[in-house]
Amino acid sequence: MNYWLMKSEPSTFSIQMLKEKKNRQESWDGVRNYQARNFMRDEMKRGDLALFYHSSCKEIGVVGIVEIVKESHPDKTALDENSAYFDPKATKDNPIWFMVDVAFREEFPQIISLAEIKKHEELSEMPLLQRGQRLSIQKVTKREFSFIKKLASLKQ
DNA sequence: GCCAACGTTGGC
DNA sequence: GCCAACGTTGGC
């Protein structure tokens with residue numbers, strides 16, 4: 001089982017939006033970076049857990065946990081001319097872009113902010129904190145995942 | 001809004 | 001295959 005961090009701009013898709021969906025599930029569409037795509041296509045498995053990270057917003061940080069409930073399948077927004085994520089190079093036979101489906105598992109009582117993550121030596125090797133790192137999907141160790149989950153529970 | 005750091009594109 | 005130009009990301 002693997003652990004992940006998945007970034008989203010909350011103005012586009014937030015954990016509240018996921019939580020308010022009827023089945024509390026959503027396809028993680030719109031990823032247009034090959035490395036992030038490869039993680040989804042090749043490595044993400046059903047049952048994996050991911051930290052939900054809000055980026056480019058007022059309160060930056062980890063806001064909760066989601067579970068991968070459906071493994072890689074083609075991202076249809078790449079074929080949709082009306083989508084902001086349309087890619088003219090994608091075809092039905094060669095979709096290029098893939099996505100997984102996630103399900104809401106937990107919303108932290110308080111955000112674990114980027115500033116706080118930076119304070120803990122135990123989290124200092126997270127890709128998130130490495131210079132120039134901007135991948136929207138990143139690997140997280142079990143230790144890091146548990147540490148952040150514990151930080152969140154301590155704030156209750 | 002700024003800007004550093006990346007990733008992608010396209011001419012050669 | 002190189003690499004300059006350009007576009008994007010994302011924290012501040």
Side-chain angles (χ1 to χ4, degrees), chain A residues 2-21 26-44 48-66 68 72-102 104-141 143-152 154-155:
Chain A
N2 287 311
Y3 296 90
W4 307 91
L5 179 143
M6 300 174 84
K7 291 186 195 171
S8 182
E9 297 189 18
S11 57
T12 303
F13 185 64
S14 67
I15 196 162
Q16 289 80 16
M17 293 179 207
L18 176 63
K19 192 180 176 182
E20 282 161 17
K21 286 206 64 184
E26 186 62 283
S27 292
W28 202 267
D29 62 15
V31 170
R32 295 293 178 269
N33 171 284
Y34 288 104
Q35 214 178 329
R37 177 206 67 180
N38 292 350
F39 279 154
M40 289 199 293
R41 189 190 60 188
D42 306 333
E43 298 195 49
M44 276 186 166
D48 283 1
L49 296 174
L51 301 168
F52 196 126
Y53 181 89
H54 282 176
S55 68
S56 294
C57 58
K58 203 170 164 197
E59 286 194 289
I60 298 162
V62 177
V63 291
I65 294 170
V66 296
I68 311 307
S72 172
H73 53 111
D75 181 345
K76 289 205 176 66
T77 63
L79 302 172
D80 178 2
E81 281 188 50
N82 297 315
S83 169
Y85 304 124
F86 176 64
D87 180 350
K89 293 196 292 291
T91 63
K92 211 175 168 196
D93 287 339
N94 181 20
I96 303 179
W97 303 110
F98 294 83
M99 60 190 181
V100 297
D101 290 5
V102 302
F104 176 87
R105 280 297 165 263
E106 184 178 334
E107 182 179 8
F108 294 159
Q110 285 182 57
I111 188 171
I112 304 302
S113 69
L114 178 59
E116 175 159 9
I117 291 172
K118 286 178 178 171
K119 285 182 193 162
H120 296 280
E121 177 62 31
E122 294 89 337
L123 304 175
S124 63
E125 293 190 359
M126 289 181 73
L128 186 68
L129 303 185
Q130 307 315 310
R131 186 164 187 267
Q133 179 59 265
R134 24 173 246 197
L135 255 193
S136 64
I137 296 180
Q138 305 180 355
K139 286 187 172 180
V140 168
T141 66
R143 198 174 293 270
E144 291 158 350
F145 184 91
S146 303
F147 193 88
I148 287 176
K149 196 174 170 186
K150 190 173 163 198
L151 282 182
L154 292 175
K155 291 200 171 192

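Every chain is numbered from 1, with letters handed out A, B, ... down the list of sequences.
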task: Write out all pairs satisfying salt bridge (Lys or Arg N to Asp or Glu O under 4.0 Å) with one or both partners inside residues 107-125 of chain A, taking only residues at least two apart or from two chains.
output: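 Every pair satisfying salt bridge (Lys or Arg N to Asp or Glu O under 4.0 Å) with a residue in residues 107-125 of chain A: A:Lys19-A:Glu107, A:Glu116-A:Lys155.
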- request: Kindly state each residue pair satisfying salt bridge (Lys or Arg N to Asp or Glu O under 4.0 Å) with at least one member in residues 27-37 of chain A, sequence neighbours excluded.
  value: A:Arg32-A:Asp75
Starting at atom [atom1] of [X], determine the distance to atom [atom2] of [N], rounded to an integer number of angstrom.
X	N	atom1	atom2	result
A:Leu5	C:dT9	CG	P	16 Å
A:Tyr34	C:dT9	OH	C1'	17 Å
A:Met6	C:dG10	CE	P	13 Å

task: Identify, with sequence neighbours excluded, every residue that meets side chain to side chain donor-acceptor pair (under 3.5 Å) alongside A:Arg105.
output: A:Glu67
A:Lys139: partners by side chain to side chain donor-acceptor pair (under 3.5 Å), with sequence neighbours left out: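 With sequence neighbours excluded, A:Lys139 shows a side chain to side chain donor-acceptor pair (under 3.5 Å) to A:Glu43, given in chain and number order.
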task: Check whether any side-chain nitrogen or oxygen of A:Lys7 sits under 4.0 Å from OP1 or OP2 of C:dT9, and answer yes or no.
output: no
query: Which nucleotides of nucleotides 1-8 of chain C have their base under 4.0 Å from a protein heavy atom (B), which only their sugar-phosphate (S), and which neither (-), written as one string 5' to 3'?
result: ------BB
task: Among A:Phe104, A:Phe108, A:Trp28, find the one that has a ring-ring contact (aromatic ring centres under 6.0 Å, His included) with A:Phe52.
output: A:Trp28
- prompt: In residues 80-94 of chain A, what residues come within less than 4.0 Å of DNA chain B, judged by heavy atoms?
  reply: A:Lys89
- line: Here the side-chain hydrogen bond (donor to acceptor under 3.5 Å, both in side chains) pairs for residues 48-58 of chain A, sequence neighbours left out, are A:Trp4-A:Asp48
task: Run the numbers on A:Met126 and A:Val140 for side-chain contact (heavy atoms from CB on, under 4.5 Å), then give the verdict.
output: CA-CA 7 Å; A:Met126 289 181 73; A:Val140 168; 4.3 Å; yes
Residues 90-97 of chain A, side-chain donor-acceptor partners within the protein, below 3.5 Å, at least two apart:
unit_1	atom_1	unit_2	atom_2	d
A:Thr91	OG1	A:Asn94	N	2.9
A:Trp97	NE1	A:Asp87	OD2	2.7

query: Taking only residues two or more places apart in sequence or in another chain, which ones pass salt bridge (Lys or Arg N to Asp or Glu O under 4.0 Å) with A:Glu106?
result: none
task: On the 0 to 90° scale, with breaks at 30° and 60°, tag the A:Tyr3-A:Phe145 ring pair as parallel, tilted or perpendicular.
output: tilted
task: With sequence neighbours left out, write down each residue that passes ring-ring contact (aromatic ring centres under 6.0 Å, His included) with A:Phe147, or none if nothing qualifies.
output: A:His120
message: Less than 3.5 Å apart, any donor N or O on the side chain of A:Glu144 or A:Thr141 sitting next to an acceptor on the other?
response: yes
- request: Could you list by number each residue of residues 123-131 of chain A showing a heavy-atom separation from DNA chain C of less than 4.0 Å, or answer none if no residue does?
  value: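 Those residues whose heavy atoms fall under 4.0 Å from DNA chain C, taken from residues 123-131 of chain A, amount to none.
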- prompt: Which of residues 49-60 of chain A have a heavy atom under 4.0 Å from DNA chain C?
  reply: A:Tyr53, A:Ser55, A:Ser56, A:Ile60
Rounded distance (nearest 0.5 Å) linking atom CG of A:Leu135 with atom CG of A:Asn33: 5.0 Å
